[in-house]
Amino acid sequence: MSSLLSVNDLHVYYGAIHAIKGVSFEVNEGEIVSLIGANGAGKTTILHTISGLIKPTSGNFSFNGKKLNSMAADKIVKLGLAQVPEGRRIFSELTVQENLELGYYSVKDKEFIKNEYKHVLELFPRLKERRKQLAGTLSGGEQQMLAIGRALMSKPKMILMDEPSMGLAPILVKEIFSIIKACNNEGMTILVVEQNANMSLSISNRAYVLETGSIVMSDTAQSLLGNEDVKKAYLGG
Amino acid sequence: MNFIQQLINGLSIGSVYALVALGYTMVYGIVKLINFAHGDIIMVGSYIVLFSMKSAGFPFWISILGAFTLCAILGVVIERVAYKPLRQAPRISALITAIGVSILIQNVFMLSFKPDPRPFPNVIDGNFGIGSINVSYTTALTIGISVLLMILLQLIVKKTKVGKAMRAVSEDEGAASLMGINVNRTISITFAIGSGLAAVGGALYSAAYPLVDPFMGAMFGLKAFVAAVIGGIGSIPGAILGGLIMGIAESMTKAYISSQLTDIIVFGILIVVLLVKPSGIMGKNVKEKV
Ligand SMILES: Nc1ncnc2c1ncn2[C@@H]1O[C@H](COP(=O)(O)OP(=O)(O)OP(=O)(O)O)[C@@H](O)[C@H]1O
Ligand SMILES: [Mg+2]
């Protein structure tokens, strides 16, 4: 296995606030990796930095052998690194179909687009029925499916997911995670940030635990699920 | 003068307001900036057409294309130089910068071409009748070109990839860039289209009121901005509707009340609309995203 995404000694400041304090980790090709941590630990900050929405103060990170450091967000997507951002951030004034079309904005190949579009609608049949509807009128769960579907449209090598289960009923959480697993089975590498640590650890190969801007633990998902400290802090028991 | 005749006059000047209002609304939609220099682009457009026809002898339609192109470039340059560095700054800083740009453009033109009004060349003479109504070719041309451009704009915004990108960036810049959209380029395109439309608006306005001076854009621009606010700033159909309301209100006031009251009526409409619906007729009620 080779590392697809590697982050090395990353520091991020918001003004005087030192939000990320020297974080290093990697994700190998074909893996699902969880990043767990309490509210405000810095999970979203890390994902935003990797995708180029925030510029880090220092640190190196690379994807598929290419340095991402000063690359613009729209260029990073084109390398095959997509993100399902926290809070969905779908375009509510656009229709479901238009949202999906934006997902392949950077792709030119018509045949590829047609196939991916079909594929995504097969994964999310509910979106198919609501193609012409304004995305803002979808239910929360449907919006989350749209956010994931949109990120899948360009068939990225890797997806960063920021709390894909936020605000969803248990049955939908299960559905979303089984879709994540299915994407992984098709060869997609996934880094998932979750409050629902139980669920995300259960489908992950490995995980990192983040505490106030530093990684304090890293292990296989299996052994973290059995770890007493992790259980107390993140698994509700 | 008959009512229908006044309505047509109102539609004509109203469609010019609409063309200019579109630029205000599109720019506001995408960068949340009231671009005070937008009115002066009208003036620049008029001067370009004036010189192109008078000094270079080009026909009106080539001159308009030239004005569209040059003003589109000017709009992009203004955004890059003056507004882009302030994109993360408080909006009030950008607003003051826009006022500065406006004053700069006016003064450059005053120094270069003297403050005195210059006559604008005749575009087309004559009238034609529909029943008892008499319509000048200039009026018909103005309405025709405006409607054509509005349809074109609507097609671009609704159907093309660039249009989708513009709407996406308006809603959420960060999420748009996560889709692979080049935000800077999309903003530039928006300024280019808005400024180009203002140039055409300037040329059509000058065809009807044939005097051009360096300050002509100030009042006209302000009224077009009011039209955008009446329609709901940020909304493209709103800008068109607002422009038409303004134009018709102006022409009716002139015909049936008093030409001295037009500005009072126009700004009165603004106040009433804002009291009844603060976001404008077609404006969205700003909701917090969850
Ligand atoms: N734009 C900002 N300006 C200032 N501070 C910020 C900003 N964004 C985040 N922070 C701070 O950085 C820290 C990390 O925030 P981040 O959003 O990355 O946390 P998180 O782990 O994703 O939390 P959650 O689980 O609640 O989503 C927090 O203390 C937060 O207050
Ligand atoms: Mg977060």
Side-chain angles (χ1 to χ4, degrees), chain A residues 15 44 47-48 50-55 71-95 97-108 113 134-136 138-140 143-144 146-147 150-154 156 159-162 166-167, chain B residues 25-26 28-30 32 80 84-85 87-90 154-190 231-239 279-280 282-290:
Chain A
T44 300
L47 295 199
H48 279 186
I50 295 171
S51 280
L53 294 176
I54 300 177
K55 295 291 159 224
M71 211 181 270
D74 58 294
K75 302 282 184 316
I76 292 176
V77 185
K78 287 175 187 131
L79 297 178
L81 178 57
Q83 182 173 161
V84 179
E86 183 177 50
R88 299 158 195 152
R89 293 173 72 172
I90 52 148
F91 302 106
S92 56
E93 304 284 320
L94 275 64
T95 64
Q97 181 165 351
E98 287 174 331
N99 268 273
L100 291 172
E101 285 166 359
L102 282 174
Y104 61 67
Y105 192 82
S106 50
V107 184
K108 295 246 151 53
I113 289 169
L134 285 186
L138 293 178
S139 79
Q143 291 189 8
Q144 187 64 57
L146 179 58
R150 189 178 65 172
L152 290 176
M153 287 296 288
S154 61
I159 293 200
L160 314 173
M161 295 196 176
D162 200 341
M166 189 166 58
Chain B
T25 232
M26 288 166 68
Y28 182 83
I30 206 154
K32 304 294 172 279
R80 285 281 153 127
K84 189 171 169 233
R87 217 173 277 158
Q88 310 305 328
Q154 200 67 355
L155 285 177
I156 290 174
V157 171
K158 287 281 176 210
K159 301 283 178 210
T160 67
K161 211 168 152 174
V162 160
K164 252 175 263 160
M166 283 163 63
R167 285 183 287 148
V169 173
S170 298
E171 226 185 286
D172 187 336
E173 223 179 278
S177 65
L178 286 180
M179 303 294 106
I181 293 170
N182 184 332
V183 171
N184 288 332
R185 211 188 65 170
T186 309
I187 291 175
S188 288
I189 293 172
T190 307
I233 191 127
S235 155
I236 286 180
S279 55
M282 308 192 77
K284 301 162 221 139
N285 295 317
V286 186
K287 258 182 291 174
E288 263 322 301
K289 267 174 263 175
V290 190

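Values in this document were obtained by computation on a predicted structure and should not be read as measured data. Residue numbering restarts at 1 for every chain, and letters A, B, ... go by the order of the sequence lines. In what follows, every heavy atom counts, from backbone to side chain, and hydrogens, waters and symmetry copies are set aside.
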Practice task
Go through the atoms of B:Lys159 and report whether side chain, backbone, both or neither lie under 4.5 Å from a heavy atom of chain A.
Solution key: neither
Exercise for the section: Kindly check if the number of other-residue, nucleotide or ligand heavy atoms within 6.0 Å of OH (B:Tyr28) is above 12? Expected result: no
Handout entry: Residue pairs passing the side chain to side chain donor-acceptor pair (under 3.5 Å) test where at least one lies in residues 160-170 of chain B, sequence neighbours excluded
Key = A:Glu98-B:Arg167, A:Glu101-B:Lys164
Practice task
Report yes or no: does B:Glu171 contribute a side-chain atom to a donor-acceptor pair with the main-chain N or O of A:Glu93 at less than 3.5 Å?
Solution key: yes
Exercise for the section: Step through the shown structure and confirm whether more than 12 heavy atoms of other residues, nucleotides or ligands are within 6.0 Å of NZ on A:Lys108. Expected result: no
Problem - Which portion of A:Leu102 sits near chain B, non-hydrogen atoms under 4.5 angstrom - result: both
Table please: side-chain donor-acceptor pairs of residues 173-183 of chain B below 3.5 Å, with sequence neighbours left out.
unit_1	atom_1	unit_2	atom_2	d
B:Ser177	OG	B:Gly174	O	2.8
B:Asn182	OD1	B:Asn184	N	3.3
B:Asn182	OD1	B:Arg185	N	3.1

